[in-house]
> 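Structure below; questions to follow.
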Amino acid sequence: MRKEKEATKANLLFLSIVCLYILVQIGFIALAYRNVQLQLPYYIGLSLGEFILIIPTALYVLLDRGECLKSIQFGSIRAFDLLKLVVLSYLISPVISFINAISTLFMDNVVTDTLETMVERPLVVIVVLLGVLPAIFEELIFRGIIYHSFRKYHIGRALLFSALLFGCMHMNLNQFLYAVVIGFFFALIVEATGSILASITIHFVINTSNVVAGILSMRMLQYAENMNKKLEEQLGEESGAQSLLEQAQTQDISFSSRVAVIITLGITAVIFGFLAFLLFRNIARSCGRWEHIKGIFGKSGDEQLNIVNRSIDKEQEKITTLPFFIAVGICFIYIILSFLLPI
């Protein structure tokens, strides 16, 4: 029996994830149409996206008998390099914030909207659901199974196409834009270190830092609001003004002011992005893989890529097979409709 092609199998995995996501959304819409109010516990709601990723992937691994896991790079990372990865996480954060700021000129910030509903929840639980679980499962799926399946054919294209799928997975335009960039970077850091543990680390640090900063800032606003109310009560004054939290949520900032903020973020992103590159190069050299990274983008890249897996004839299969186009097409249609017809 002819062996199934690796890229096609990986694309079928992503297509199954997309189809399950669409089915879940259709289910919620059907319940809403029948006026059925489904009140899920907050921790189920926050982790639902991860379950949508995990269920098809678990079935995929079982059917594949674990073969897809063998090619994933699980190299060890020295403690000092691990510390550098943490610093690198903070250096690339301004770049992500810059891209996110551009997108929020035209759409809502999905992460902020989610955190606003979680202010009163235990911070540790939120960190686990939004920081730990995504870092582990999303990396194992996208930089693990999918990227390493694509990598067998061409590392450069694997970087691009796995990043595209990672962006599509978020199913909204706001997160898609910066998820593609960080998806590419996460895969590149795997190549620079020879370990998926590196991308898990950076993913965890970025997610957790954003969650903690967002929740604490909202709680500080709430605390200031409560103090303001107590002060008014003590002074016997009645005020019809909005609460501080409401003002922060509803304040109308002019377009020109937002553009000025974006320009400032852009300058910061360039500076920190350059520092991130220097640290990235240092990490790659420390792991003995800087020449490998240069080979991916250099003239000798094709020769080096052939070494990845000589047993696969790259001419007989492209990474972008039919399931890839179907899945990406469904995602783009969903993302565009969600942007034009917000629920």
> Under the criterion ring pair (Phe, Tyr, Trp, His ring centres under 6.0 Å), which of Phe324, Tyr153, Phe142, Phe150 is the partner of Phe161?
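In the set Phe324, Tyr153, Phe142, Phe150, the residue that makes a ring pair (Phe, Tyr, Trp, His ring centres under 6.0 Å) with Phe161 is Phe324.
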> Closest heavy-atom contact between Ile293 and Ala284?
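Closest pair (atom of Ile293, atom of Ala284, distance): CG1-CB, 4.3 Å.
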> Residues in side chain to side chain contact (heavy atoms under 4.5 Å, CB included) with Thr208, at least two apart?
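Residues passing side chain to side chain contact (heavy atoms under 4.5 Å, CB included) with Thr208: Val127, Phe204, Val212.
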> For the CD1 atom of Ile22 and the CD1 atom of Ile29, what is their distance to the nearest 0.5 Å?
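So the gap between those two atoms works out to 8.5 Å.
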> Let me check something: do Ile141 and Ile55 share a hydrophobic cluster, defined by ILVMFWY side-chain heavy atoms less than 4.5 Å apart, either directly or through other members?
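They do share one cluster, since a chain of ILVMFWY contacts under 4.5 Å joins Ile141 to Ile55.
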> Working to the nearest 0.5 Å, report the span between CD1 of Ile17 and CG of Leu12.
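Reported value, rounded in 0.5 Å steps: 11.5 Å.
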> Considering only distance and modelled atom types, tabulate donor-acceptor pairs under 3.5 Å from the side chains of residues 178-191, sequence neighbours left out.
from: Glu191; atom 1: OE1; to: Arg151; atom 2: NH2; distance (Å): 3.2
from: Glu191; atom 1: OE1; to: His292; atom 2: NE2; distance (Å): 2.6
from: Glu191; atom 1: OE2; to: Tyr147; atom 2: OH; distance (Å): 2.6
from: Glu191; atom 1: OE2; to: Arg151; atom 2: NE; distance (Å): 2.5

> Would you check if the side chain of His203 reaches a backbone N or O of Ser199 as a donor-acceptor pair within less than 3.5 Å?
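Checked: no pair found.
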> Run through Leu46, Ile126, Asn109 and flag the one making a side-chain contact (heavy atoms from CB on, under 4.5 Å) with Thr114.
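Running side-chain contact (heavy atoms from CB on, under 4.5 Å) over Leu46, Ile126, Asn109 with Thr114 returns exactly one hit, Leu46.
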> Holding to side chain to side chain contact (heavy atoms under 4.5 Å, CB included), I want the full list of residues that pass it with Leu23, two or more places apart in sequence or in another chain.
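Once residues adjacent in sequence are excluded, Leu23 has no partner under the side chain to side chain contact (heavy atoms under 4.5 Å, CB included) criterion.
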> Any idea which heavy atoms bring Ala7 and Lys318 closest together, and the distance?
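Looks like CB-O, 4.0 Å.
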> For Leu83, check side chain to side chain contact (heavy atoms under 4.5 Å, CB included) against everything at least two apart and list the hits.
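Leu83 satisfies side chain to side chain contact (heavy atoms under 4.5 Å, CB included) with Phe80 only.
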> Scan Ile102, Asn100, Val95, Ile96 and name whichever one has a side-chain contact (heavy atoms from CB on, under 4.5 Å) with Phe98.
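Of all the options given, the one that passes is Ile102.
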> Return the minimal non-hydrogen interatomic distance between Leu91 and Phe272, and the atom names on each side.
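Heavy atoms only, the tightest pair is O-CB, 3.3 Å.
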> With a 4.5 Å heavy-atom cut-off, do Met118 and Met218 have their side chains touching?
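SC-SC contact between Met118 and Met218 ruled out.
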> Are the side chains of Phe14 and Ser162 in contact, using a 4.5 Å heavy-atom criterion?
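Not touching, per the 4.5 Å side-chain cut-off.
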> Just wondering, do Met169 and Leu53 contact through their side chains at under 4.5 Å, heavy atoms?
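Side chain of Leu53 against side chain of Met169, heavy atoms only: contact under 4.5 Å found.
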> Ile44, Val132: one ILVMFWY side-chain cluster at the under-4.5 Å cut-off?
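Yes, Ile44 connects to Val132 through the hydrophobic network.
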> How close do Leu133 and Glu50 get, heavy atom to heavy atom, and via which atoms?
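That closest heavy-atom pairing would be O-OE1, 4.0 Å.
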> Give me the atom names and distance for the closest heavy-atom approach of Leu140 to Ile72.
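In terms of heavy atoms, the two residues are closest at O-CD1, 4.4 Å.
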> With hydrophobic residues grouped by side-chain heavy-atom distances under 4.5 Å, do Val111 and Tyr43 end up in a single group?
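Yes, because Val111 and Tyr43 connect within a single hydrophobic cluster, where side-chain heavy atoms sit under 4.5 Å apart.
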> Give, for atom CZ of Phe176 and atom NE2 of His170, the distance between the pair rounded to the nearest 0.5 Å.
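Reported value, rounded in 0.5 Å steps: 11.0 Å.
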> Over all heavy atoms of both residues, which pair between Met107 and Asn174 is shortest? Give the atoms and the distance, please.
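For Met107 versus Asn174, the nearest heavy atoms are SD-N, 3.2 Å.
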> Measure the shortest side-chain to side-chain distance between Glu138 and Phe166 over non-hydrogen atoms and say whether it is less than 4.5 angstrom.
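Yes; the side chains approach each other to less than 4.5 Å.
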> Mind checking the CD1-CD1 spacing from Ile200 to Ile77? Nearest 0.5 Å is all I need.
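So the CD1 of Ile200 and the CD1 of Ile77 are separated by 9.0 Å.
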> Taking the side chain as everything from C-beta on, heavy atoms only, tell me whether Cys68 gets closer than 4.5 Å to Lys9.
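Cys68 does not reach Lys9 side chain to side chain.
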> Val110, Phe28: one ILVMFWY side-chain cluster at the under-4.5 Å cut-off?
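In one cluster: no.
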> Nearest 0.5 angstrom please: Ile92 CD1 to Ile206 CD1, how far?
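If we round to the nearest 0.5 Å, Ile92:CD1 and Ile206:CD1 are 3.5 Å apart.
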> Measure the shortest side-chain to side-chain distance between Leu85 and Leu82 over non-hydrogen atoms and say whether it is less than 4.5 angstrom.
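Leu85 reaches Leu82 side chain to side chain.
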> Checking Arg281 now: which residues fulfil salt bridge (Lys or Arg N to Asp or Glu O under 4.0 Å) with it, not counting sequence neighbours?
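Expected list: none.
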> Please check if Ile26 and Ile330 belong to a single hydrophobic cluster, counting links between Ile, Leu, Val, Met, Phe, Trp and Tyr side chain heavy atoms closer than 4.5 Å.
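Same cluster.
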> Sequence neighbours excluded, which residues qualify as side chain to side chain contact (heavy atoms under 4.5 Å, CB included) partners of Tyr90?
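Partners of Tyr90 by the side chain to side chain contact (heavy atoms under 4.5 Å, CB included) criterion, ordered by chain and then number, come out as Val86, Val205, Ser209.
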> So do the side chains of Ser195 and Gln73 get within less than 4.5 Å of each other, counting heavy atoms only?
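The answer is no, as the side chains (C-beta and beyond) never meet within the 4.5 Å cut-off.
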> Is Leu322 close to Asn11 at the side-chain level, that is, under 4.5 Å between some pair of heavy atoms?
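A side-chain contact under 4.5 Å is absent here.
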